[in-house]
Asks: 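Let me give you the structure first, and then I'll get to my questions.
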Amino acid sequence: MLAIKNIECKLGPEKKTILSDVSIDFSAGEFVAITGENGSGKSTLAKIIMGLIKPTSGKIFLGEKDITDLSISERAQLGVVYAFQTPVRFKGVTVASLLQVAATGEDVLDGKFDGKNAKFLEQVGLDPKEYLTREVNASLSGGELKRIEIASVFARASSAKILIFDEPEAGIDMWSLDNLLDSLKELKKTYRESTIIVISHNAKILEMADRTIVLSHGRVKD
Amino acid sequence: MELDEIEKQVLKTVAGIDGIPEGAYNFRVNGKSISRSSSENIDVKIRPDKKGLEIFISGKTRNEAVHIPVIISKTGLKEVVYNDFYIEDGADVTIVAGCGIYNCGAKKSVHNGVHTFHVGNNCKVKYIEKHYGMGAGAGKILNPKTEVFVKDDSSVELELEQIKGVDSTERITTVELGARSDVIVHEKTFSEGRQTVNSEINVSVNGDDSRVDIVSRAVARDKSKQKFSSNIIGNSKCRGHSECDAILMDEAQVLAVPSLDARNLDAELIHEAAIGKIAGEQIEKLMTLGLYEEQAVAQIINGFLA
């Protein structure tokens with residue numbers, strides 16, 4: 001389903017090597033956990049798959065298609081979905097419009113909202129009546145933002161081929177880790193053909209995975 | 001009343017209506033009042049002394065609206081219009097104004113609207129004013145002056161919006177507030193090209209236990225310039241809040257000048273101002289949901305000014 005081939009990534013003015021010769025094949029329907037010490041390059045790898053960071057060299061294939069030079073938008077339209085480790089705050093986008101964009105992949109300049117999308121908030125334990133009209137900004141706590149971020153990924157799940165979660169357990173506040181695990185299991189059960197990639201340090205998430213890849217100093221550890 | 005297609009489009013944009021609305025209204029098109037109607041509770045009259053209207057709103061008015069849109073589609077037309085509103089004690093009314101200019105000609109089109117509101121006791125008033133410009137003509141200039149005098153125990157909400165297409169605007173809003181009353185002023189302005197916006201909002205709180213909330217949101221693109229000045233004067237035991245948020249793009253300029261003037265020991269006044277570009281990660285987040293970069297920017301601007 002997804003293949004990354006000989007990825008190398010150097011970042012910053014000093015061209016520090018973050019990833020070196022990383023090659024991984026991900027199968028359809030597979031739940032893969034990627035773990036490793038801080039600074040091992042896990043999040044960089046996730047961002048490279050989404051197109052948020054350009055690799056210095058190497059290739060990425062989605063099925064037979066080379067997506068290495070595609071933009072973030074183009075990858076999203078092909079079914080790559082990504083949950084940020086630190087959710088983005090912004091004035092001007094309500095929770096309702098964020099979910100609407102996520103569910104449709106289209107802008108919602110007319111403010112119309114499909115009521116069916118409210119269920120994605122319920123899936124992360126938030127009351128739609130309370131949250132839909134709120135802006136995704138600093139008035140929300142870090143934990144609320146994290147759950148909304150995960151809800152936005154659930155909203156895209158039906159059209160997703162690759163679902164990437166970058167440390168979903170970080171900052172989930174009162175919403176328990178168990179609920180997050182249940183949601184991930186539900187995703188895996190419902191979307192059997194989708195590949196789920198979770199960057200995590202959490203033992204329970206690692207236990208859930210079909211396979212765990214360990215990164216160390218920017219390389220896949222044998 | 002006959003409107004052409006462009007005039008209908010402008011009417012829809014500034015007043016949210018397709019034609020003659022229910023209830024009281026006045027349509028001003030190219031410098032003339034072309035259609036007017038009163039209702040049982042709202043009397044709309046041409047004023048005898050100068051251009052404009054006198055609108056009398058009875059204390060029996062409940063959940064009723066009066067529409068007074070202005071459309072200018074003739075290039076070179078310049079006018080000053082004075083509309084006075086007399087709102088009796090106990091009235092609950094929504095006033096929908098708004099002005100749209102369509103100018104494809106070589107001469108400037110200018111509408112200066114001076115609106116004065118006399119709000120009684122125990123009133124609930126919502127005033128909606130939208131401004132819009134269309135056409136590639138020399139200048140679409142709108143200069144609204146809004147004065148609001150509020151007595152006691154009343155609630156007033158002003159929604160002031162410059163949608164787009166206005167080349168130059170000088171906006172002056174002044175409110176005098178009595179006791180146990182509150183006023184909310186929401187202003188939204190969009191500018192692009194070399195357009196200029198100069199907005200000044202002054203609220204004097206003269207009675208005890210009153211509140212004022214001023215929220216301005218601005219988006220400035222290209223080489224446009226906007227200046228927002230707000231001034232809350234607390235002459236009494238009162239609470240006041242002023243907030244200016246602006247998105248800055250390209251080579252635009254936004255100047256925010258909030259001012260608080262507390263003249264009573266029990267006046268509690270706060271202001272906030274934030275000006276900045278759209279963060280790259282905000283655009284990236286929306287791109288991960290499938291939008292192209294231009295769509296992501298439009299989504300953020302649209303929501304910011306919604």
Side-chain angles (χ1 to χ4, degrees), chain A residues 46-47 49-53 70-112 133-138 145 148-149 151-153 155-156 159-160 162-164 166, chain B residues 9 12-13 16 130 132 159 161 163-164 186-190 213 215-221 228 241 243-249 254 256 270 272-306:
Chain A
K47 286 176 181 171
I49 298 170
M50 186 67 244
L52 293 160
I53 292 176
L70 296 189
S71 68
I72 303 166
S73 315
E74 289 165 327
R75 294 179 199 215
Q77 289 158 11
L78 288 173
V80 183
V81 180
Y82 177 85
F84 285 67
Q85 183 182 140
T86 305
V88 178
R89 296 169 192 255
F90 32 1
K91 286 183 178 177
V93 175
T94 61
V95 174
S97 54
L98 186 76
L99 293 178
Q100 183 77 8
V101 171
T104 62
E106 293 171 7
D107 52 15
V108 283
L109 302 181
D110 58 3
K112 283 181 185 166
T133 56
R134 293 181 66 176
E135 285 190 342
V136 188
N137 64 14
L145 284 165
I148 290 162
E149 177 69 14
S152 75
V153 169
R156 289 194 69 69
S159 59
I162 310 290
L163 291 148
I164 307 163
D166 191 356
Chain B
Q9 186 186 335
K12 179 76 176 169
T13 305
K130 294 183 180 180
Y132 178 56
E159 273 189 24
E161 183 175 2
I163 300 168
K164 69 183 297 188
H186 279 179
E187 184 179 70
K188 304 166 200 168
T189 51
F190 175 85
D213 188 19
V215 179
S216 164
R217 285 196 166 186
V219 174
R221 302 187 77 149
F228 172 74
H241 170 252
E243 178 183 332
C244 170
D245 285 333
I247 291 178
L248 193 64
M249 302 174 75
V254 174
I270 298 170
E272 304 168 72
I275 302 170
K277 65 180 179 184
I278 300 173
E281 62 178 9
Q282 297 173 346
I283 296 168
E284 285 177 351
K285 170 61 188 171
L286 294 178
M287 289 173 75
T288 67
L289 301 180
L291 300 190
Y292 289 109
E293 186 173 346
E294 304 75 31
Q295 288 178 300
V297 170
Q299 182 73 51
I300 292 167
I301 291 173
N302 186 269
F304 187 74
L305 294 178

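Bear in mind the structure is a predicted one, so any value in this text is a computation, not a measurement. Below, each value reflects all heavy atoms present in this structure, side chains not excepted, and no hydrogens, waters or symmetry copies. The chains referred to below are lettered A, B, ... by the order of the sequence lines, with proteins before strands, and numbering in each begins at 1.
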Asks: Output, in order, the C-alpha distance, side-chain angles, deciding distance and verdict of side chain to side chain contact (heavy atoms under 4.5 Å, CB included) for F304(B) and E135(A).
Replies: CA-CA 9 Å; F304(B) 187 74; E135(A) 285 190 342; 5.9 Å; no
Asks: Does any part of the side chain of L289(B), heavy atoms only, come nearer than 4.5 Å to the side chain of L98(A), both counted from C-beta?
Replies: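 Counting from C-beta outward, L98(A) and L289(B) do come under 4.5 Å.
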Asks: Between S152(A) and K285(B), is any pair of side-chain heavy atoms under 4.5 Å apart?
Replies: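 Side chain of S152(A) against side chain of K285(B), heavy atoms only: contact under 4.5 Å found.
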Asks: Please classify the contact of S97(A) with chain B as side chain, backbone, both or neither, using a heavy-atom distance under 4.5 Å.
Replies: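 Side chain of S97(A) only, per the 4.5 Å heavy-atom cut-off to chain B.
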Asks: When you look at NZ of K188(B), are more than 12 heavy atoms from neighbouring residues, nucleotides or ligands closer to it than 6.0 Å?
Replies: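 Yes, because the 6.0 Å sphere around NZ of K188(B) holds more than 12 heavy atoms from other groups.
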Asks: If the condition is salt bridge (Lys or Arg N to Asp or Glu O under 4.0 Å), which residues does E284(B) pass it with, not counting sequence neighbours?
Replies: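 Result, salt bridge (Lys or Arg N to Asp or Glu O under 4.0 Å) vs E284(B): none returned.
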Asks: Could you check which of V101(A), V93(A), T94(A) has the highest count of heavy-atom pairs closer than 4.5 Å to chain B?
Replies: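 Answer, by heavy-atom pair count under 4.5 Å with chain B: V101(A).
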Asks: Nearest 0.5 Å please: distance from the CG atom of L286(B) over to the CG atom of D107(A).
Replies: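 Here the interatomic distance stands at 10.0 Å.
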Asks: Side chains of residues 78-90 of chain A: which donor-acceptor pairs under 3.5 Å do they make with residues two or more places apart or in other chains?
Replies:
unit_1: Q85(A); atom_1: NE2; unit_2: S43(A); atom_2: OG; d: 3.2
unit_1: Q85(A); atom_1: NE2; unit_2: D166(A); atom_2: OD1; d: 3.3
unit_1: R89(A); atom_1: NH1; unit_2: L140(A); atom_2: O; d: 3.3

Asks: If the contact rule is any heavy atom under 4.5 Å from chain A, which residues of residues 274-283 of chain B qualify, in numerical order?
Replies: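 Within residues 274-283 of chain B, the residues that come under 4.5 Å of chain A (heavy atoms only) are E281(B), Q282(B).
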Asks: Any chance you could measure E74(A), atom CD, to M287(B), atom CE, to the nearest 0.5 Å?
Replies: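 That separation rounds to 8.5 Å.
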Asks: For E159(B), what residues pass the salt bridge (Lys or Arg N to Asp or Glu O under 4.0 Å) criterion, not counting sequence neighbours?
Replies: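 Scan of E159(B) (salt bridge (Lys or Arg N to Asp or Glu O under 4.0 Å), adjacent residues dropped) gives K126(B).
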Asks: Taking every non-hydrogen pair under 4.5 Å, which of L291(B), I301(B), I300(B) racks up the most with chain A?
Replies: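 The candidate making the most pairs under 4.5 Å is L291(B).
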